[in-house]
2 protein chains.
Amino acid sequence: MDGIASLITIDRFSPVPLYFQVATSLEDLIESGRLPAGSRLDTEVMLADRLGLSRPTMRQAIAHLVDKGLVVRKRGVGTQVVHSAVRRKVELTSLNDDLRRAQRSPRTEVLAFSVAPAPEHIAVALHLEPGADVITTQRLRYAEDEPLALMHNYLPAGVAPGLTAEQLGEQGLYQVLRTHGVQLRIADQTIGARRATAAEARLLGESRGAPLLTMQRTAYDHAGRAIEYGSHVYRADRYSFEVSLVAR
Amino acid sequence: MDGIASLITIDRFSPVPLYFQVATSLEDLIESGRLPAGSRLDTEVMLADRLGLSRPTMRQAIAHLVDKGLVVRKRGVGTQVVHSAVRRKVELTSLNDDLRRAQRSPRTEVLAFSVAPAPEHIAVALHLEPGADVITTQRLRYAEDEPLALMHNYLPAGVAPGLTAEQLGEQGLYQVLRTHGVQLRIADQTIGARRATAAEARLLGESRGAPLLTMQRTAYDHAGRAIEYGSHVYRADRYSFEVSLVAR
DNA sequence: GTCAAGCGTTTGTCATGACATACTGACGTT
DNA sequence: AACGTCAGTATGTCATGACAAACGCTTGAC
């Protein structure tokens, strides 16, 4: 544990903040196994001294790792690397992003796309005035040429000017929003299950009454404005949610 | 926006850190509506000056609120209150905690409790050597005198010495672990759905083939050791998961 | 052998001070 | 009207310095 600081390089002329460079280097050391799970880091005082940094800067680098769940700190004891298999996996992504990442050949069929006054429960979910216009979309999502999910999504009418059904056919909803300059930050999700209706079963290629995994979601941007409400159903035998939880 | 600092009281002789006192006060102001969603906080420099604190201390208080999703910060602009309905709800809790909080009269019937060598897939989930002893439990959980969930849980044998079936009948698993000095920190969950088997349907009071919400979970302690693997099924018409996601 | 106190270690908290960067609005020019 | 520039504003980064609190280990007393 004597030469950890010697494995960390920092470029004082780089525009990348010093704390971030150090955090990244430490993260690489952890991922590579050079700092294995359970091992103790040198003290923040020692690392700062050897790297020629101030202690608060070193603390900020380590705090970054704590936030990522890579290390834990204990007063009087030190800083320890957490189990390497454990990561924070809380992600706000769309199904398209997920499937593309998993290389499951996503394809989308837009079944409906319209702008109309919001039904009551949609206006409530999106924190809109009753009767406010929303974009309503209905899409059937395929993976590897099999139906996977049926999705209803609603967006306030002004959120993505010029949004078209064609765009939704080619890209995921969140990707389209990103190209319109909309950044989603937080989402509240409810995950459940129920039987498929006859219409859903037909579209998804399941038998009537088959179990579906359901998810309703309201997504907000950085200023807390509701940007999207989604109500999705997935074929239970083909999809599940992976969620990581962290205790504070 | 002129008197925010005058609404914040700090006790310099309290053992509670100053930054935490300020963060708590600001949080109260936000929750009460005195600092409504969308409003701008006074600058960190001004607040620090008026409260007689150093700027880094003020920054730490505000960072605490950022972490909680209550405010967002933008360089050159300032600090703004986020939509008040949005909170980070990422929590590592047991069903018992959830139901007690929701005042749904939780009750537990322990169907099985034993210590035996771990089956292959359990040893893998708990990162144990094949054949290592695990505590195996099976519980039927009730809410308001109706069956709600059927749970199988597995713990490495040495995790909670003296753990008994009686304890599990009276308290939730995580509460029991806490009294044994075990602190859970991170969990990986998979949420899905499927049809109930005949045995499950009988225990849960559902018809055969009814949709069940499923969840598998491996929970880890602060040092990253796997502490518990759980495989749970819930009646879909009586339970759903609430998950909040935050984009980084 | 056991328990408590003390000490060394390490992180946590807090302060003063200074410079850099990103953002917004106003103003001037084309 | 549109675009570019600049100044003011606010957060972000970094530094030096000091004290407090929690933890683990060692030693001494019983």
Side-chain angles (χ1 to χ4, degrees), chain A residues 1-2 4-5 8 10-26 38-67 70-82 181 183 222-223 248, chain B residues 1-2 4-5 8 10-24 26 38-67 70-82 181 183 221-223 248:
Chain A
M1 206 56 74
D2 146 77
I4 285 297
I8 297 171
I10 54 178
D11 175 4
R12 284 190 179 257
F13 299 100
S14 163
V16 179
L18 295 176
Y19 82 88
F20 193 81
Q21 291 182 49
V22 174
T24 302
S25 292
L26 285 170
S39 63
R40 199 68 62 79
L41 260 65
D42 289 347
T43 70
E44 64 185 39
V45 177
M46 193 183 300
L47 284 170
D49 186 54
R50 291 195 180 148
L51 292 171
L53 302 173
S54 72
R55 188 175 154 213
T57 302
M58 191 68 233
R59 289 183 61 80
Q60 195 170 356
I62 298 178
H64 189 77
L65 298 180
V66 169
D67 284 347
L70 295 176
V71 301
V72 292
R73 318 201 75 187
K74 204 178 243 187
R75 190 188 287 192
V77 179
T79 302
Q80 182 170 40
V81 178
V82 167
Q183 299 276 351
H222 282 260
R248 289 213 170 249
Chain B
M1 206 54 75
D2 147 74
I4 286 295
I8 297 172
I10 54 178
D11 175 4
R12 284 189 178 260
F13 298 102
S14 162
V16 179
L18 295 175
Y19 81 89
F20 193 81
Q21 290 182 50
V22 174
T24 303
L26 286 171
S39 63
R40 199 67 65 76
L41 260 66
D42 289 347
T43 69
E44 64 186 34
V45 176
M46 193 184 301
L47 283 171
D49 187 52
R50 290 196 181 146
L51 292 171
L53 301 173
S54 73
R55 190 178 151 210
T57 301
M58 192 67 232
R59 290 181 62 78
Q60 195 170 356
I62 298 177
H64 188 75
L65 299 179
V66 169
D67 283 347
L70 295 176
V71 300
V72 292
R73 319 201 74 187
K74 203 179 241 185
R75 189 188 285 193
V77 179
T79 302
Q80 182 171 40
V81 179
V82 167
Q183 299 274 350
D221 70 0
H222 282 259
R248 285 203 176 257

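Every chain is numbered from 1 and lettered A, B, ... according to where its sequence line falls, protein lines coming before strand lines.
- Between B:Thr79 and A:Val77, it is B:Thr79 whose nearest contact on DNA chain D lies nearer the 5' terminus.
- In this entry the distance linking CE of A:Met46 with C1' of C:dT11 reads 13 Å, nearest Å.
- The NE2 atom of B:His64 sits 15 Å away from the C1' atom of C:dT13 (whole-angstrom rounding).
- Taking atom CZ of residue B:Arg40 and atom P of nucleotide D:dT9, one finds them 14 Å apart after rounding to whole Å.
- Residue pairs meeting the side chain to side chain donor-acceptor pair (under 3.5 Å) criterion with at least one partner in residues 12-22 of chain A, sequence neighbours excluded, do not occur; the list is empty.
- Rounded to whole Å, the distance from CG on B:Leu65 to C1' on D:dT11 is 15 Å.
- Shown here are the side chain to side chain donor-acceptor pair (under 3.5 Å) partners of A:Ser25, two or more places apart in sequence or in another chain: there are none.
- Nearest heavy-atom pair, B:Val71 versus B:Val81, reported as atom, atom and distance to 0.1 Å: CG1-CA, 4.1 Å.
- In this structure, the CG atom of A:Asp42 is 15 Å from the C1' atom of C:dT11, given to the nearest Å.
- Under the side-chain contact (heavy atoms from CB on, under 4.5 Å) criterion, B:Ala23 pairs with B:Ala61, B:His64, B:Leu65, sequence neighbours left out.
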Can you build the contact string for nucleotides 12-21 of chain D? Use B for base contact, S for sugar-phosphate-only contact, and - for no protein heavy atom under 4.0 Å. BBSBB-B--B
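- When every heavy atom of A:Phe20 is checked against every heavy atom of A:Val16, the shortest pair comes out as CD2-CG1, 3.7 Å.
- Sorted by first then second residue, the side chain to side chain donor-acceptor pair (under 3.5 Å) pairs that include residues 52-62 of chain A, not counting sequence neighbours, are A:Glu44-A:Arg55, A:Glu44-A:Arg59, A:Ser54-A:Thr57.
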